[in-house]
Amino acid sequence: MTDDRTTVVVITHNRRDELLRTLGHLAALPERPPVVITDNASTDGTAEAVAHHHPGMRLLRSTRNLGATGRNLAVRHVRTPYVAFCDDDSWWAPGSLAHAADLLDRHDALASVTARIVVEPDGTEDPIVAELRDSPLTGPPWLPGPALGSFLAAATVQRTTAFRQAGGFSHRLWLGGEEELLALDLLAAGWWLAYVEDLTVHHAPSPHRDARLRRIHGIRNTLWCTWLRRSAPAAWRRTAHLVRTVPRDAASVRAFGLALAGLPWVLRERRVMPPHIERQLLALDRAQRLSTARRYVG
């Protein structure tokens, strides 16, 4: 069951063993998708190991850590209509890429589909899935699942043209909640995003991660995205909610300091969402205030 409609894009940094496991799973998929890997300046022999074990996959070696924009670099080499994002500690289940491509073939206004995430080794469902499944956004009846206001890069198949037209991931956000700004720009351009229960991604969280730095960037990026695209009342409410709810520690102080330092460019590049989308996002804000699965903001 080969399928030439989707390319898998993976970014990595100093996670050689996790990446090789992921690439092994991708190589075994019945769809036999092309794979493009951006090695974000790893120093643990990642690039050499990939070249040795998976010579048929395209390997891009960056001289610096590009963060999420390593995906932009990889997408420049994509020649298929769809691109599936994948982290170095996650992989797509057999058949999911083909099913996602079928859905994107069928619905021209659909920019992306996000999969159900299963956490390994226990096979339990990631807590964020409940929020995707119960998304309060309303969409047209043809959507293959609940409408979303954002997506999870490690579990999403996206229309390549939509990704390129929206500009890909922002280099300013680097990594940590970087999907929100791209998602908002896709929505503003008239695209739809959906969660699809029948798609599956497996995630075996890597122990090699800087949780503190990820939280700093996540809080900062949430604030930046909010002030870049949301109405002033919504931005103030969301900012106040973060002030009340993030942990009272040095990481949070650092995050707010970085967000404030970026205020000049944020105001310069601010483009408020269309009113009909802003009304949808208000419902999402209310749901997220009750969230127990937010990844980056506590």
Side-chain angles (χ1 to χ4, degrees), residues 1-9 26 29-34 71 75 78 80-87 90-119 123 125-166 168 179-203 273-274 276-277 279-281 283-284 287-288 291 293 295:
M1 190 188 72
T2 59
D3 191 312
D4 60 0
R5 292 174 292 174
T6 305
T7 299
V8 180
V9 161
L26 296 178
L29 289 177
E31 293 96 329
R32 307 287 295 180
R71 300 187 187 111
V75 173
V78 170
T80 55
Y82 312 125
V83 55
F85 297 114
C86 187
D87 282 350
S90 64
W91 58 91
W92 287 87
S96 286
L97 294 180
H99 184 32
D102 289 341
L103 294 172
L104 291 164
D105 279 350
R106 195 175 304 149
H107 305 295
D108 291 342
L110 186 61
S112 71
V113 286
T114 296
R116 175 174 171 263
I117 303 170
V118 175
V119 181
E125 191 172 271
D126 190 302
I128 199 71
V129 171
E131 295 186 24
L132 301 175
R133 187 181 290 127
D134 298 332
S135 171
L137 273 63
T138 57
W142 55 260
L143 274 183
L148 299 180
S150 190
F151 64 94
L152 299 168
T156 294
V157 179
Q158 201 157 94
R159 195 176 299 272
T160 307
T161 53
F163 179 88
R164 289 172 174 157
Q165 289 168 6
E179 301 97 336
E180 183 177 2
L181 184 60
L182 175 57
L184 292 176
D185 288 344
L186 288 168
L187 293 174
W191 293 101
W192 289 95
L193 320 176
Y195 166 71
V196 179
E197 185 84 8
D198 293 339
L199 306 178
T200 302
V201 161
H202 297 273
H203 181 209
M273 299 294 290
H276 70 284
I277 297 178
R279 287 192 293 271
Q280 288 262 51
L281 294 175
L284 189 60
Q288 289 181 345
S291 170
R295 294 186 181 281

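The first residue in the sequence is number 1, and the count goes up from there.
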Would you say CZ of Arg32 has more than 12 non-hydrogen atoms from neighbouring residues, nucleotides or ligands within 6.0 angstrom?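 Result for CZ/Arg32: open.
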If you define the side chain from C-beta out and look only at heavy atoms, does anything of [X] sit under 4.5 Å from [Y]?
X	Y	result
Phe163	Val78	no
Leu132	Leu148	yes
Trp191	Gln165	yes
Ser135	Tyr195	no
Arg5	Asp102	yes
Leu184	Leu281	yes
Thr161	Pro81	no
Phe151	Gln158	yes

Rounded to the nearest 0.5 Å, what separates atom [atom1] in [X] from atom [atom2] in [Y]?
X	Y	atom1	atom2	value
His203	Cys86	NE2	SG	9.5 Å
Ile128	Ile117	CD1	CD1	7.5 Å
Leu29	Thr2	CG	OG1	12.5 Å
Leu152	Glu179	CG	CD	6.0 Å
Ser112	Leu182	OG	CG	8.5 Å

Sort and list the pairs that fulfil salt bridge (Lys or Arg N to Asp or Glu O under 4.0 Å) and have at least one residue in residues 184-195, not counting sequence neighbours.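 Residue pairs with at least one partner in residues 184-195: Asp185-Arg229, Asp185-Arg271.
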Is Arg159 reaching over with its side chain to a backbone N or O of Leu104, donor-acceptor style, under 3.5 angstrom?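 A pair under 3.5 Å: yes.
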Keeping the roles fixed (side chain from Ser96, backbone from Thr200), state whether a donor-acceptor pair exists under 3.5 Å.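 Yes; judged by distance alone, with no hydrogens or angles, the pair exists.
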Which atom names give the shortest non-hydrogen contact between [X] and [Y], and what distance separates them?
X	Y	value
Leu110	Leu103	CD2-O, 4.2 Å
Ala98	Glu31	N-OE2, 3.1 Å
Val8	Leu26	CG1-CD1, 3.8 Å
Thr6	Leu97	OG1-O, 4.2 Å
Ala162	Ala111	CB-CB, 4.1 Å
Ala183	Gly149	CB-O, 3.5 Å

Can you name the salt bridge (Lys or Arg N to Asp or Glu O under 4.0 Å) partners of Asp198, sequence neighbours left out?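 Asp198 satisfies salt bridge (Lys or Arg N to Asp or Glu O under 4.0 Å) with no residue once adjacent residues are dropped.
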Result of checking Thr7, Asp3, Thr160, Asp105 against Tyr82 for side chain to side chain donor-acceptor pair (under 3.5 Å):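 Only one option passes, and that is Asp105.
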Dump the intermediate steps for side-chain contact (heavy atoms from CB on, under 4.5 Å) on Phe85 and Val75, then the final yes or no. CA-CA 10 Å; Phe85 297 114; Val75 173; 4.1 Å; yes
Keeping to residues at least two apart or across chains, list the side chain to side chain donor-acceptor pair (under 3.5 Å) pairs with something in residues 145-157.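 Non-adjacent pairs meeting side chain to side chain donor-acceptor pair (under 3.5 Å): Thr114-Thr156.
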